[in-house]
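Structure record follows, encoded as structure tokens.
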Amino acid sequence: MKGKILVTGGTGYIGSHTVVELQNAGYEVVIIDDLSNSTKDSIGGIERITGQKPIFYQMDCNDLNELNRVFEENKDIRGIIHFAASKAVGESVQKPLLYYRNNLNSLLNLLDMMQQHAVENIVFSSSCTVYGEPDQNPIDETAPIKPAESPYGNTKQINEEIIRDIVRSGANVRSIILRYFNPVGAHPSAEIGELPNGVPQNLVPFITQTAIGVREQLSVFGDDYNTPDGSCVRDFINVVDLAKAHVEAIDRMLAKKADEKVEVFNLGTGNGVSVLQLINIFEKVSETKLNYKIVGRREGDIEKIWAEPKKANTVLGWTAKENIEDTMLSAWKWQLKLREKGIM
């Protein structure tokens with residue numbers, strides 16, 4: 001084993017896929033998750049894929065005493081990957097205090113524990129939302145940080161500032177900040193995938209749930225943007241590709257290859273795909289007609305944004321490899337597997 005890695009939010013969508021890749025790479029994994037937007041079923045999926053069951057604590061990172069217990073019981077943690085956060089742009093506009101409380105306090109508690117228990121390395125799950133509405137695309141890591149379009153985006157900006165401030169203070173902390181674009185798809189085994197509790201806040205699970213009949217209709221928020229077909233444009237990245245970047249980040253920190261104590265990488269494909277294009281791709285690969293309608297714009301949405309991933313490609317040694325057709329097909333196979341299991 002290469003060592004023990006703590007993954008907060010590890011039963012969630014991106015978290016569970018990252019746990020798989022960490023275990024495949026030879027790491028032992030400890031998961032913390034309060035199951036507010038996931039279920040324990042993903043632990044079984046992880047074990048079926050890797051043959052290894054991660055250590056699991058059902059708890060909230062905002063509970064400092066419980067968090068301290070995890071560190072006391074796992075003295076050999078070498079690094080942390082911090083996913084645990086509320087993550088829906090639209091919901092954050094409606095419930096800003098929930099987002100500030102969950103997303104800021106959890107990081108503050110982890111940084112306290114890192115210093116108390118001499119854990120040096122943290123990979124932070126950030127977002128391209130920190131760039132706001134960009135001046136130009138594609139976006140590299142030198143692009144200006146814009147005023148956030150949503151409380152969710154603002155919590156990511158503030159958390160990045162908190163990490164920089166604690167490093168600047170002289171604390172023995174190193175961080176790699178990974179700014180995701182739009183993760184989609186599922187593990188090719190269909191053992192794990194995106195299954196939010198309640199009504200999905202993300203596009204692809206809403207697409208697949210509508211296609212299979214769980215949801216009556218998909219709403220496309222706006223067709224009057226300054227884009228080729230009027231719908232928003234995003235950089236959709238395969239979730240397994242994304243998960244592998246976290247392993248590269250952990251490897252890099254543990255090998256002390258980083259030139260700086262805080263490094264930032266954009267994780268995307270470098271290609272922009274519109275919402276309507278994504279729907280068309282899904283209909284093609286699934287051979288299923290989707291019931292959708294165009295509605296008004298949604299507050300907090302950015303018009304168009306996609307990544308310039310060259311720094312991640314060259315410095316981190318990571319590249320997005322899966323194409324959007326195979327990615328959308330994996331999401332559909334996951335949805336079909338859920339129906340087969342009688343889950344959804």
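Just so it is clear, the values below take in all heavy atoms, side chains as well, and ignore hydrogens, waters and symmetry mates. Position 1 is the first residue of the sequence, and the numbers go up from there.
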So if you build clusters from Ile, Leu, Val, Met, Phe, Trp, Tyr with side-chain heavy-atom gaps below 4.5 Å, do [X] and [Y] land together?
X: I163; Y: L108; result: yes
X: V262; Y: I122; result: yes
X: F181; Y: I14; result: no

Enclosure of [X] [atom1] (heavy-atom neighbours >12, cutoff 6.0 Å):
X: K261; atom1: NZ; value: yes
X: E325; atom1: CD; value: yes
X: K293; atom1: NZ; value: no
X: R69; atom1: CZ; value: yes

Using a strict threshold of under 4.0 Å (side-chain N to carboxylate O), is an ion pair present between [Y] and [X]?
X: D33; Y: K40; value: no
X: E191; Y: K337; value: yes
X: K321; Y: D241; value: no
X: E120; Y: K256; value: yes
X: K2; Y: D251; value: yes
X: E248; Y: K244; value: no

Do [X] and [Y] pair up side chain to side chain, a donor and an acceptor below 3.5 Å, judged on atom types alone?
X: D229; Y: S274; answer: yes
X: E216; Y: N291; answer: no
X: D301; Y: Y225; answer: no
X: Y131; Y: N137; answer: no
X: Y57; Y: N74; answer: yes
X: Y180; Y: S125; answer: yes
X: N172; Y: Q115; answer: no
X: Y99; Y: E91; answer: yes

Using every non-hydrogen atom in the two residues, find where [X] and [Y] come nearest and quote the distance to one decimal.
X: I177; Y: S126; value: CG2-CB, 3.7 Å
X: L22; Y: V247; value: N-CG2, 3.8 Å
X: R174; Y: E260; value: NH1-O, 3.7 Å
X: T39; Y: T11; value: O-CB, 3.8 Å
X: G10; Y: I46; value: O-CD1, 4.3 Å
X: A186; Y: W334; value: CB-CB, 3.6 Å

So, does [X] use its side chain to make a donor-acceptor pair with the main chain of [Y] at under 3.5 Å?
X: Q157; Y: K146; value: yes
X: N313; Y: W318; value: yes
X: N121; Y: R78; value: yes
X: D60; Y: D63; value: no
X: K333; Y: H187; value: no
X: N103; Y: S86; value: yes
X: R234; Y: I302; value: yes
X: Q23; Y: Q52; value: yes
X: K304; Y: N226; value: yes
X: S150; Y: G153; value: yes

key: Sequence neighbours excluded, every pair satisfying ring-ring contact (aromatic ring centres under 6.0 Å, His included) that has a member inside residues 257-290   =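 For residues 257-290, and leaving out neighbouring residues, the ring-ring contact (aromatic ring centres under 6.0 Å, His included) pairs sorted by first residue read F282-W332.
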Between [atom1] on residue [X] and [atom2] on residue [Y], distance to nearest 0.5 Å:
X: L195; Y: S38; atom1: CG; atom2: OG; answer: 9.0 Å
X: I294; Y: Y292; atom1: CD1; atom2: OH; answer: 6.0 Å
X: S16; Y: I31; atom1: OG; atom2: CD1; answer: 8.0 Å
X: I250; Y: I5; atom1: CD1; atom2: CD1; answer: 4.0 Å
X: I281; Y: L276; atom1: CD1; atom2: CG; answer: 11.0 Å
X: Q335; Y: S330; atom1: CD; atom2: OG; answer: 12.0 Å

query = Given T18 and I81, is the side chain to side chain contact (heavy atoms under 4.5 Å, CB included) satisfied, shown in steps?
reply = CA-CA 9 Å; T18 300; I81 302 177; 4.0 Å; yes
is_close_aromatic(F83, H17), centroid dist under 6.0 Å = no
query = Is it true that Y27 and H246 have ring centroids separated by less than 6.0 Å?
reply =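 No, they do not, as the ring centres are separated by 6.0 Å or more.
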ask   = Should the ring pair F124 and H82 be called parallel, tilted or perpendicular, given that the plane angle runs from 0 to 90° and is split at 30 and 60?
value =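 Geometry flag for H82 against F124: tilted rings.
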query = Could you go step by step and tell me if Q116 and N68 meet the side-chain hydrogen bond (donor to acceptor under 3.5 Å, both in side chains) rule?
reply = CA-CA 9 Å; Q116 187 172 322; N68 183 63; 3.2 Å; yes
message = My understanding is that only one of E141, E263, E160 makes a salt bridge (charged side-chain N to carboxylate O under 4.0 Å, His left out) with R179; could you say which?
response =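 The residue from E141, E263, E160 that satisfies salt bridge (charged side-chain N to carboxylate O under 4.0 Å, His left out) with R179 turns out to be E160.
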request  = Might you work through the salt bridge (Lys or Arg N to Asp or Glu O under 4.0 Å) test for D41 and K341, ending with a clear yes or no?
outcome  = CA-CA 12 Å; D41 292 345; K341 290 182 172 181; over 6 Å; no
inquiry  = Quick one, K311 with N266, criterion side chain to side chain contact (heavy atoms under 4.5 Å, CB included). Give me CA distance, side-chain angles, the key distance, then yes/no.
reply    = CA-CA 8 Å; K311 184 181 177 185; N266 286 347; over 6 Å; no
query = Can you tell which of I162, I80, V119 makes a side chain to side chain contact (heavy atoms under 4.5 Å, CB included) with L111?
reply =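 The option that passes is I162.
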query = Under the side-chain hydrogen bond (donor to acceptor under 3.5 Å, both in side chains) criterion, do T269 and D235 qualify, and how do the steps go?
reply = CA-CA 6 Å; T269 67; D235 187 337; 2.6 Å; yes
Verdict with reasoning, N109 to M114, per side chain to side chain contact (heavy atoms under 4.5 Å, CB included) = CA-CA 9 Å; N109 286 346; M114 288 177 70; over 6 Å; no
query = Under the side chain to side chain contact (heavy atoms under 4.5 Å, CB included) criterion, do E72 and H117 qualify, and how do the steps go?
reply = CA-CA 8 Å; E72 289 286 352; H117 295 276; 3.4 Å; yes
